[in-house]
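Single-structure report; data block below.
Just so you know, these numbers come straight off a predicted model, no measurement behind them. Index from 1, following the sequence. Every number for a ligand or one of its atoms is a count from 1 in the order of the listing.
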Amino acid sequence: MNNEFELIYEGKAKKVFSHDDEDKVIIEFKDDATAFNALKKAKFEGKGKLNCLISAKIFEILINKNIPTHFIKLLNENTLIAKKIRVIPLEIVLRNIAYGSLCKQTTIKPGTILAKPLIDIYLKNDELNDPLITQDRIELMNILSSRDLDLIIDLTLKINGILKSFFENIKLQLVDFKLEFGYDSKNNIILGDEISPDNCRLWDLNQKNDTIVSLDKDRFRNDLGDLIEAYSEINRRINEFV
Ligand code: UDP
């Protein structure tokens with residue numbers, strides 16, 4: 001990004017710049033990957049571009065189904081223009097299949113198909129290691145009213161319905177994903193952040209047996225290799241279908 005725009009925030013995977021229009025921001029996707037609260041770090045050339053292109057396509061699909069999101073348009077292959085939001089400091093995780101932290105913290109076996117989607121909410125706070133949080137604690141901390149929390153949960157379930165069937169069409173199983181929401185300039189709650197293999201678990205359904213083939217950040221978390229190949233395959237299937 002040239003220095004015409006001011007860097008207003010740099011996170012683990014993205015940089016956010018100001019825009020001439022104060023209701024908008026420019027989001028640049030980085031090639032950096034982190035896992036386990038940034039204890040594990042690496043760089044994958046081309047990851048930023050793939051996540052940006054995948055996110056843009058997914059946001060378009062959601063907008064077409066009337067989900068309010070921050071996405072406005074792609075600026076180039078690794079940068080998009082979005083509405084500026086006041087980020088709500090919560091990570092909303094929806095799980096269709098048990099995996100990852102759910103199986104580390106409970107006796108539920110990895111791969112268990114959940115009878116109904118499970119929503120786990122985490123406090124976005126690196127110092128506290130993003131702890132699992134309850135509805136009562138969210139209200140106690142004045143993060144959200146119960147009405148707005150209900151709205152976010154309802155949107156998350158709707159997004160799951162849309163994405164689960166979209167990914168099934170391209171032979172991918174949506175195991176779980178993480179969303180972040182915020183308030184726009186009119187105080188409406190809208191979806192922010194990104195939707196990419198960095199924050200969704202996607203398993204290849206083109207497998208003859210029950211082997212799990214992860215096409216997502218688990219390739220980095222669990223040292224499975226070929227991360228760029230996996231993300232490129234997702235991008236390829238999305239573009240073939242849309
Ligand atoms: N996730 C994320 N950011 C986080 C934690 C989780 O995007 O800081 C996503 C992760 O990619 C997965 C889902 O949320 O799709 C559920 O992750 P889980 O709680 O199992 O955490 P893990 O132990 O795998 O980080």
Please list the nearest protein heavy atom to atom 11 (O) of ligand 1 with its residue and the distance rounded to 0.1 Å. R221 NH2, 2.7 Å
Give yes or no for whether the N/O distance cutoff of 3.5 Å, strictly under, is met between S101 and ligand 1. yes
State plainly whether the residues K186 and D23 are in salt-bridge range, i.e. N to O under 4.0 Å. no
Do the side chains of D31 and K43 get close enough for a salt bridge, i.e. N-O under 4.0 angstrom? no
R95 and S101 side chains, donor-acceptor separation under 3.5 Å: yes
Atom 4 (C) of ligand 1: closest protein heavy atom, distance to 0.1 Å, is E91 OE1, 3.6 Å
As an exercise, identify every atom of ligand 1 less than 4.0 angstrom from a heavy atom of Y122. 19 (O)
Kindly indicate whether a cation-pi arrangement holds for K40 with F220, taking the cut-offs as under 6.0 Å to the six-membered ring centre and within 45° of the axis. yes
Below 4.0 angstrom, counting only protein heavy atoms, does anything approach atom 6 (C) of ligand 1? no
Candidate pair D150 and R147, rule salt bridge (Lys or Arg N to Asp or Glu O under 4.0 Å), full reasoning: CA-CA 5 Å; D150 286 348; R147 189 176 153 272; over 6 Å; no
Give me the nearest non-hydrogen protein atom to atom 2 (C) of ligand 1 as residue plus atom name, then the distance to 0.1 Å. K178 CE, 3.4 Å
Please could you name the atoms of ligand 1 that V93 approaches to less than 4.0 Å, counting only its heavy atoms? 14 (O), 16 (C)
Using a 4.0 Å heavy-atom threshold (strictly under), name the region of Y99 that reaches ligand 1: side chain, backbone, both or neither. backbone
Carboxylate-amine/guanidinium contact D198 K12, below 4.0 Å: no
Tell me the contacting part of C200 for ligand 1: side chain, backbone, both, or neither, using a 4.0 Å heavy-atom threshold, strictly below. backbone
Any donor-acceptor pair under 3.5 Å linking the side-chain atoms of N209 with those of T211? yes
What atoms of ligand 1 come within less than 4.0 Å of a heavy atom belonging to N199? 7 (O), 9 (C), 11 (O), 15 (O)
Ligand 1 contact on D198 by region, counting heavy-atom pairs under 4.0 Å: backbone
Which one holds for K217 and ligand 1: side chain close, backbone close, both close, or neither close, with close meaning a heavy atom under 4.0 Å? neither
Which ligand 1 atoms does G100 reach within 4.0 Å, using its non-hydrogen atoms? 20 (O)
Say whether I162 and I153 are linked into one hydrophobic cluster, either directly or through other cluster members, by side-chain heavy-atom distances under 4.5 angstrom. yes
Salt-bridged, R237 to E240, with N to O below 4.0 Å? no
Heavy-atom nearest neighbour in the protein, as seen from atom 13 (C) of ligand 1, with distance rounded to 0.1 Å: D176 OD1, 3.4 Å
Count the heavy atoms belonging to other residues, nucleotides or ligands that lie under 6.0 Å from NZ of K30, then report whether that count exceeds 12. yes
Note the single closest protein heavy atom to atom 22 (P) of ligand 1, along with its residue, its atom name and the distance in Å. R201 NH2, 3.8 Å
